[in-house]
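The chains referred to below are lettered A, B, ... by the order of the sequence lines, with proteins before strands, and numbering in each begins at 1.
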Amino acid sequence: MLKVTGLYKVFNRGTVNERVALENVSLTLEKGDFVTVIGGNGAGKSTLLNCVAGVYPPDGGSIVVDGVDVTRLAEYRRARHLGRVFQDPMRGTCADMNIEENLALARRRGRPRGLSWGVTRREREEYRAMLEALGLGLEDRLSAKVGLLSGGQRQALTLLMATLRAPKLLLLDEHTAALDPRTAKKVLELSDRVISEGGLTTMMVTHNMRDAIRYGNRLIMMSGGGIAVDVSGEEKKNLTVEDLLKLFEKARGDGEEIPDRMVLG
Amino acid sequence: MQEIIIGAVSLGLLWAVMTIGVYISYSVLGMADMTAEGSITLGAAVAAQTIAGGGSPYLGLLLALLCGMAAGLCNGLLHTKLKIPSLLSGILTMTALFSVNLHVMGKANISLLRMPTVYSPVASLLGIDKGLSVIAVGLVICAVIIGLLYWFFGTEIGSAIRATGNNPHMARAQGINTDRTIIIGLVLSNALIALSGALIGQSQNYADLQMGTGAIVIGLASLFIGEVLFGKRNFFIRLSSMVAGAIIYRLIIAFVLKLGMPADDLKLFTAITVVLALTLPGIKKAAQSRRRALPGGPQDA
Ligand SMILES: Nc1ncnc2c1ncn2[C@@H]1O[C@H](COP(=O)(O)OP(=O)(O)O)[C@@H](O)[C@H]1O
Ligand SMILES: [Mg+2]
């Protein structure tokens, strides 16, 4: 479903701030794979997801989604195949627009937008049902501005928007990191449910080693712009946090610290 | 006194069209589009030349609208395709328009005295004088524009434009071509501003190369007045409050002039009004949240 080959990304090339964020990253995801991604700060996790999503053009390598080379495709054009949830709850939704308008924007992802109504009455009923299934009490607040929602509600809504039209690839970048532990757990469980119900091919960056082990069928550890560890199947199921810490010690690049929150989380 | 009020209200209604244009670029898209200063003069110049050349005043309005769209398109292309920051691209377009406007007019001003305007048929049909006919035409045009925009920003494209101004990252993640939505917004905004210029020129019987100077600040002052007085309850009220704001701005100006403020100080007075509005607590917050959502700004990791 996703085939990344020899991906390079250099920020601020040719300046004193030059920084190689991705170095020869290759990765293949089969349909239905749920990969958790961990790694220290600055390891390149977000950059990898952003390159796949088309936020930055890569400086080398190729990205193929479901057989289509998207390496040079504009961000908005590949959006039709991708669902994304970001670390910052503000980033995935429009604060000044209401819940149904946000959902309606997501529903039209990858479709031509014309002069018909931005939200139709029929959709409204569908959204109500979807929100009810979410169990956050949002079904009666369709016309409330999203800016009034809590961080957890916004992330749940963003997740719903990302998966409203089954994406070929779901990209979750520390999407629970900004939430309090209880809310984070709820959003994470919701994500897991949505992913398994839809059989969605997923990359989920997390700072929590336990979550990285508990969820998904494959685990990747990034370090210094590359993939240092890649385990799946039985091997992944039997991993412990201690194993991961040892692997991390061995793999970590210069100046990369293990954030406390990664271990404690 | 009554004359002054009629004058202020009629001028306010025509400037309201411009204020709604500024609302689209400033509030919906989150940019201060300096093109406005050039496109308002462009509209007046094109309409005046059309009439002076024997054309219909209504054709003049249409041509002004189209020329405003072209000006907005130029700025939109400079900003989105050539990646010039929006403030600078607007200044560049405005500066270029100064020469264009001079070419259109051929001199510093064109008089429309004793020539037909869009107001003259209305005045003779209803048997009212020019001042009242400007109010009648202004009211109808504002109502039509509010109705059309209310519809347009509820459509799929309109929603996409609003999303772009509100959160460009989200918009792109939802498959919206933000370059295109920004361009459409700027085209629409400048079309209205040029139309406003055409209407103003005909109401005062001349087009003048300098009439755009300071226009953006007048638009912003009217916008803030509308916002402070009527809030942001819903889109219909917001659009209507732009009209109210533009009229109240003109009434305030007429009032302070009557109190003896020299006309030379008008622009200083308006600029100070905008500074005050920007620093008043509630407005300040709104303006800041808009700045955060500036499309095409630097992308954070
Ligand atoms: N937009 C950017 N401009 C400059 N440098 C960046 C940018 N985004 C990321 N980087 C740098 O690239 C490296 C990888 O960052 P990132 O992918 O965000 O790491 P992670 O998500 O694993 O913490 C870091 O050194 C970071 O400073
Ligand atoms: Mg990151």
Side-chain angles (χ1 to χ4, degrees), chain A residues 11 21 42 44-47 49-50 53-56 74-88 90-98 100-120 143 145-147 158 161-162 164-165 167 171 173, chain B residues 23 27-30 80-81 83 148-184 188 227 231-235 238 285-301:
Chain A
F11 286 109
K45 308 177 296 291
S46 297
T47 307
L49 263 60
N50 282 330
V55 177
Y56 317 119
E75 181 183 2
Y76 78 90
R77 280 172 159 274
R78 46 178 118 170
R80 72 165 71 191
H81 306 302
L82 305 176
R84 289 153 72 195
V85 186
F86 315 91
Q87 176 169 354
D88 179 1
M90 301 298 174
R91 182 134 178 191
T93 47
C94 279
D96 290 346
M97 295 173 80
N98 59 34
E100 62 183 22
E101 286 174 325
N102 273 274
L103 286 165
L105 286 168
R107 193 189 148 99
R108 285 159 181 76
R109 187 169 61 223
R111 292 183 185 173
R113 291 169 208 261
L115 290 175
S116 32
W117 289 118
V119 195
T120 63
S143 54
K145 292 263 185 292
V146 169
T158 310
M161 287 164 61
L164 198 63
R165 313 261 320 276
L171 302 173
D173 189 357
Chain B
Y23 171 80
S27 296
V28 178
L29 285 178
T80 59
K81 301 301 174 199
K83 311 278 177 230
L148 282 176
L149 290 183
Y150 188 77
W151 161 76
F152 178 71
F153 282 106
T155 65
E156 292 175 336
I157 297 180
S159 301
I161 295 174
R162 285 190 291 143
T164 302
N166 198 205
N167 184 348
H169 303 291
M170 178 274 197
R172 283 189 290 269
Q174 299 306 339
I176 292 168
N177 181 348
T178 49
D179 283 358
R180 187 187 300 164
T181 46
I182 289 172
I183 290 175
I184 297 174
L188 194 58
E227 222 159 64
K232 300 183 174 180
R233 269 161 293 176
N234 65 46
F235 192 56
R238 290 206 71 180
K285 228 176 80 203
Q288 274 168 351
S289 72
R290 232 173 266 131
R291 204 167 309 132
R292 187 159 40 75
L294 220 63
Q299 286 170 345
D300 46 318

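If you measure heavy-atom distances from A:Thr93 to chain B, the contacts under 4.5 Å come from the backbone alone. B:Phe152 touches chain A through its side chain: at least one heavy atom from C-beta onward sits under 4.5 Å away, while N, CA, C and O do not. For A:Arg84, the part sitting under 4.5 Å from any heavy atom of chain B is the side chain, from C-beta outward, and nothing else. In this structure, chain B has no heavy atom under 4.5 Å from any part of A:Phe11.
Ranked by heavy-atom pairs under 4.5 Å with chain B, the list A:Arg111, A:Arg80, A:Arg108 is led by A:Arg108. Between chain A and the options B:Gly158, B:Ser159, B:Ala160, B:Ala171, the largest number of non-hydrogen pairs under 4.5 Å is found for B:Ser159. Ranked by heavy-atom pairs under 4.5 Å with chain B, the first of A:Ala162, A:Ala53, A:Ala21, A:Cys94 is A:Cys94.
A distance-only check finds a donor-acceptor pair linking the side chain of B:Asn166 to the backbone of A:Asp96 [under 3.5 Å].
Other residues, nucleotides and ligands contribute more than 12 heavy atoms inside 6.0 Å of the CZ atom of A:Arg165.
Heavy-atom minimum distance, A:Leu82 versus A:Leu171: CD1-CD1, 4.5 Å.
Between B:Tyr150 and B:Phe235, the ring planes lie parallel to each other; the angle is under 30°, not in the 30° to 60° tilted range.
Comment: A:Lys45 does not engage A:Asp173 in a salt bridge, judged by the lack of any side-chain N to carboxylate O separation of less than 4.0 angstrom.
Expressed to the nearest 0.5 Å, how far CD1 of B:Ile176 lies from OH of A:Tyr76 amounts to 11.5 Å.
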